[in-house]
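Position 1 is the first residue of the sequence; numbering continues from there.
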Amino acid sequence: MTRLRTAITPLALALVAGLHLMAPSPATAAAPAMAASPMAASPGTGPVFNLPNGTPAQQRAIRSDLLARVKAAAPRSTIKVALYHFWDAEVARALARAHTSAKRRVNVQVMLDESSVSAMPSSTSYAILRKALGTNRAKRSFVGLCPKGKSCLGDPGAGPSIAHNKFWLFSRTGRLRNVVVQTSSNLSSGSYTKFWNDAMVVSQARTYTAYSRYFDKLAAADWRAWRYTRPGAGPYTGYFFPRPGGGDTVTAILDNVTCRWKDALGSHRTSVRLAMFKLTRQRVADKLAALHRQGCAVDIVYAQTDSEDSTGSPGTWEALHAPGGPAVRCLHYDDDGDSRTSREVLHSKTLMISGRYAGARNNVVWTGSHNYSGPALTRNDEALLKIDDSAVHDAYVRHFHRVRGSALPGLADDTPSCKGVSPQPEH
């Protein structure tokens, strides 16, 4: 299990029990196992990565982290969960017990996409939550669904949309307060064993408050009053979607990149790395290709684009594969003999920039639920988190190299799956 954890900055690196850790000091990082008291032990903060091609423990690294935080939630604290698909009865029972236990009485609020129920009727997770929490969103605990075929905050007249968020909030868990877990992972067996996912854990009051306010707007589901927001707090910035009013958040980020520059130490080149499930937004693909032509080192691992094969006209696949374009590898393959399923798919949505960004030398990461697709920008409920921290960036880059090394079909990506001929759902 590749795992990075920190308690509070400053960050120091440690290696404990085979896990990459970030902690207040190299010797103080605790294992995620629970102690006798729920408050005695819980995970720290920082990145968490699963390995779908690893051991069962490595596959379930993100799930185990979340479950430990639920079990460590303090009495009468609050947990808020916004998730696309919740198909894990054990985690549902842990949330239910946190609320119903006479000694804990944790306030638990959960918002899900409607397909969390309709797409998997055999799952008992929603029923467990509904029985324990109820569905009245005016109360302190509830489970709610966005409208069928729609996000909670997208204009229903704009076309199909989904409640695609994947974040967890804990007001108090273990020794931490104001915890945000922004992840790319749903709760499902495929999320653990097939999909490469990541999670970023932050403990900071202003970031927690920004996410909590966004969750409350999701629960209120007043799409007419919704406005795209981008609150910043120290090294963290949240981007809360949908953004129906024009502009592209990702191309605006990439516009801040300077590819080559000189200083007293010599000449330098900015690196742009992208690990992306769905890359079908043409403006973003064109910008990434342009940055490479401008001298940036652009390295992309993806699971799905669109293409002339899939849409009838050249798309993002062609833009990225034009002569002189960036390094591009696909991680989306099927070797299990079941044509209905993919064996392994990159599911993260992570951008890493190292070099000159916004006029200064920096190492920055953006991660979350936001695919680089049209609906993710303008219609879906999505969240993206920026982390301005070199140690976090370096951890994500190490994981990127692992993903890149596992990418199949890799460079031989002229395949129907990689070109969007047999498109995956947004996930």
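Distance OG1/Thr415 to NZ/Lys419: 8.5 Å, rounded to 0.5 Å. Interatomic distance, OG1 of Thr350 versus CH2 of Trp196, reported as 13.0 Å (0.5 Å rounding). Rounded to the nearest 0.5 Å, atoms CG (Asp299) and NE2 (His292) are 9.5 Å apart.
Residue-environment remark: CZ (Arg260) exceeds the threshold of 12 foreign heavy atoms within 6.0 Å. Atom CZ of Arg177 has 12 or fewer heavy atoms from other residues, nucleotides or ligands within 6.0 Å. Open room surrounds CZ on Arg140; 12 or fewer heavy atoms of other groups in view lie less than 6.0 Å from it.
A donor-acceptor contact shorter than 3.5 Å is absent between the side chain of Thr207 and the backbone of Tyr236. Side-chain atoms of Gln182 never come within 3.5 Å of backbone atoms of Val201 as a donor-acceptor pair (strictly under, hydrogens ignored). A donor-acceptor contact shorter than 3.5 Å is absent between the side chain of Ser373 and the backbone of Lys278. Looking only at distances, no side-chain donor or acceptor of Ser77 sits under 3.5 Å from a matching main-chain atom of Ala73. A donor-acceptor pair under 3.5 Å is formed between the side chain of Thr311 and the backbone N or O of Ser307. Between the Asn380 side chain and the Glu382 main chain, no donor and acceptor come within less than 3.5 Å of each other. In this structure, the side chain of Thr305 engages the main chain of Cys418 through a donor-acceptor pair within 3.5 Å. Thr251 places a side-chain N or O within 3.5 Å of a backbone atom of Asp248 that can act as its donor or acceptor partner. Thr316 places no side-chain N or O within donor-acceptor distance of the main-chain N or O of Arg281, the cut-off being under 3.5 Å.
Taking the six-membered ring for Trp and thresholds of 30 and 60 degrees, Phe167 and Tyr211 have ring planes more than 60 degrees apart, a perpendicular arrangement. Between Phe195 and Phe277, the ring planes lie tilted relative to each other; the angle falls in the 30° to 60° range. The aromatic rings of Tyr214 and Trp226 are tilted relative to each other, their planes meeting at an angle between 30° and 60°.
Aromatic rings of Tyr396 and Phe49 (six-membered ring for Trp) have centroids within the 6.0 Å cut-off, being under it. Between His268 and Trp261, the ring center distance clears the sub-6.0 Å criterion.
Inter-residue side-chain proximity for Leu351 and Arg273 is flagged as unmet; no heavy-atom pair is nearer than 4.5 Å. Under the 4.5 Å side-chain criterion, counting only non-hydrogen atoms from C-beta, Trp168 is in contact with Leu66. Looking at Asp88 and Arg63, their side chains come closer than 4.5 Å, going by heavy atoms from C-beta outward. Between Pro235 and Gln204, some side-chain heavy-atom pair lies under the 4.5 Å cut-off. Residues Gln109 and Val143 are not in side-chain contact: their nearest non-hydrogen atoms beyond the backbone lie 4.5 Å or more apart. Ile79 places none of its side-chain heavy atoms less than 4.5 Å from the side chain of Asn107. For the pair Glu344 and Leu331, the minimum side-chain heavy-atom distance is below 4.5 Å. At least one side-chain heavy atom of Glu318 sits less than 4.5 Å from a side-chain heavy atom of Glu308.
Between Arg329 and Asp413 no salt bridge is recorded (no basic side-chain N to carboxylate O distance below 4.0 Å). Remark: Arg398 does not engage Asp394 in a salt bridge, criterion side-chain N to carboxylate O under 4.0 Å. The residues Lys150 and Glu114 are annotated as not salt-bridged, no charged nitrogen and carboxylate oxygen being separated by less than 4.0 angstrom. Ion pairing of Arg379 with Asp155 is absent here, as no side-chain N (NZ or NE/NH1/NH2) approaches a carboxylate O to less than 4.0 Å. A salt bridge is absent between Asp222 and Lys217; no separation between the charged side-chain nitrogens and carboxylate oxygens falls under 4.0 Å.
Between Ser191 and the options Thr183, Asn197, Ile62, Asn50, a side-chain contact (heavy atoms from CB on, under 4.5 Å) holds for only Asn197. Test Asp309, Asp414, Leu279, Asp306 against Trp317 for side-chain contact (heavy atoms from CB on, under 4.5 Å) and you get one pass: Asp414.
Checked by atom type, the side-chain pair Tyr239/Thr229 shows no donor-acceptor distance below 3.5 Å. No side-chain N or O of Thr193 forms a donor-acceptor pair with one of Gln59 less than 3.5 Å apart. Side-chain contact annotation: Ser141 with His99, donor-acceptor N/O pair under 3.5 Å present. Between the side chains of Ser151 and His164, no donor N or O sits under 3.5 Å from an acceptor N or O. Under 3.5 Å, the side chains of Arg243 and Thr249 contain a donor-acceptor pair of N or O atoms. Side chains of Tyr357 and Asn363: a donor-acceptor N/O pair is absent below 3.5 angstrom, by distance only.
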Let me see the working for His370 and Lys349 under side chain to side chain contact (heavy atoms under 4.5 Å, CB included), right down to the final yes or no. CA-CA 6 Å; His370 183 88; Lys349 305 97 169 49; 5.5 Å; no
